[in-house]
**Student:** 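Quick one: this structure, given as structure tokens, is what I'll be asking you about.
Note that ligands are numbered from 1 as they come in the structure, with each ligand's atoms numbered from 1 the same way. Fair warning: this is a prediction, and the values are worked out from it, not measured in the lab.
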Amino acid sequence: MNSDKPIGVFDSGIGGLTVVHALLKQLPHENIVYFGDTARVPYGPKSPQVVREYAKDDTEFLLSKNVKMIVIACNTVSAVALDVVQKLANIPVVGVIIPGAKAATSASKKKRIGVIGTVGTISSNAYANAIRQLDETIQVFSQACPLFVPLVEEGWIDHKATEMIAKEYLFPLSVEKIDTLVLGCTHYPLLKNVISNALKGTATLIDSGEATATEVMMVLDELHLKNSSREKPNLQFFVSDLPAKFTQIGERFLGSKMGVVKKVGAGRQ
Ligand code: DGL
């Protein structure tokens, strides 16, 4: 397999760019093809059956781009459809749940971990199960925070309303005296400050995107698939709805300019 082939990354929409940001930091020479299903976002409130169907389409699109590996940036997809992607793809697949769970397990001293995410991710119990599989003595406290995604997309990062909502969502977790909190959604890294303040700085925040980038690096190393070229990497972005909003908000997520974003057809063939 050619190591200069791109890594394929997909998400329900814009949020997965936080994972691309983490990948670019840790693997600055990798070519990346990103697909954001902006026509069908959000995935978080949808049923697992529907998300599994979407995951199949998203995977097929990336496979058509001849990627060497697939990274499922979306927590909701990683939680309910990892097996769908693995079954379709004959290449390595990394989701965000297991790397996030591993990072949280090693960070927690008191063995009391909080997990926040979309309704889909939290209802699946995927993080709690993965953490308990690593260490069954750990107690996990989960909380869905559905309003965080629209608040971040609205750009209400340092907004009073966001602070109030964060306090409301996180209060039950602070009562449980968690010492570690998994940011189990692509959008939450942008709310790190608000979330940390709501918990009065008492918990270590685990960015599952960063943990995933570390895992990707390890897999590429192990399989000798790291790109040996030292050229500037080629980043390609595809979306299923018009690109204008994606480009505008996406640069906030990515932390840099994005270049051309292409729209692909519904169903993606
Ligand atoms: N990307 C989703 C996740 O990480 C959040 C946005 C959505 O609900 O689609 O779960």
**Student:** Which of the atoms in ligand 1, numbered in the order shown and given with their element, are less than 4.0 Å from a heavy-atom of V41?
**Tutor:** 9 (O)
**Student:** Any donor and acceptor pair, going by atom type alone, linking the side chain of K263 with main-chain N or O of L242 inside 3.5 Å?
**Tutor:** no
**Student:** Does a side-chain heavy-atom distance below 4.5 Å link R112 with F141?
**Tutor:** yes
**Student:** Is the side chain of K56 donor-acceptor paired with the backbone N or O of R52 at a distance under 3.5 Å, no angle test?
**Tutor:** no
**Student:** Mark yes or no for whether S208, through its side chain, and L183, through its backbone, hold a donor-acceptor pair below 3.5 Å.
**Tutor:** yes
**Student:** Provide the number and element of each atom of ligand 1 under 4.0 Å from a heavy atom of C185.
**Tutor:** 3 (C), 4 (O), 5 (C)
**Student:** Taking the side chain as everything from C-beta on, heavy atoms only, tell me whether I157 gets closer than 4.5 Å to T162.
**Tutor:** no
**Student:** Which ligand 1 atoms are under 4.0 Å away from a heavy-atom of Y43?
**Tutor:** 7 (C), 8 (O), 9 (O)
**Student:** Do me a favour and list the nearest non-hydrogen protein atom to atom 6 (C) of ligand 1 with residue, atom name and distance?
**Tutor:** S12 OG, 3.6 Å
**Student:** Pull out every atom of ligand 1 sitting under 4.0 Å from any heavy atom of T76, numbered as shown with elements.
**Tutor:** 3 (C), 10 (O)
**Student:** Which of the listed options, V96, I122, N75, L183, holds the heavy atom that is closest to atom 3 (C) of ligand 1?
**Tutor:** N75
**Student:** Please confirm whether the backbone N or O of A104 pairs with a side-chain atom of S108, one donor and one acceptor, at under 3.5 Å?
**Tutor:** no
**Student:** Please report whether ligand 1 has a polar contact with G44, defined as an N or O pair separated by less than 3.5 Å (distance criterion only).
**Tutor:** yes
**Student:** If you count the atoms of ligand 1 from 1 in the order shown, which ones are under 4.0 Å from a heavy atom of D11?
**Tutor:** 1 (N)
**Student:** Test your reading of the structure: does H187 have an N or O sitting under 3.5 Å from an N or O of ligand 1?
**Tutor:** no
**Student:** Report yes or no: does N125 contribute a side-chain atom to a donor-acceptor pair with the main-chain N or O of A128 at less than 3.5 Å?
**Tutor:** no
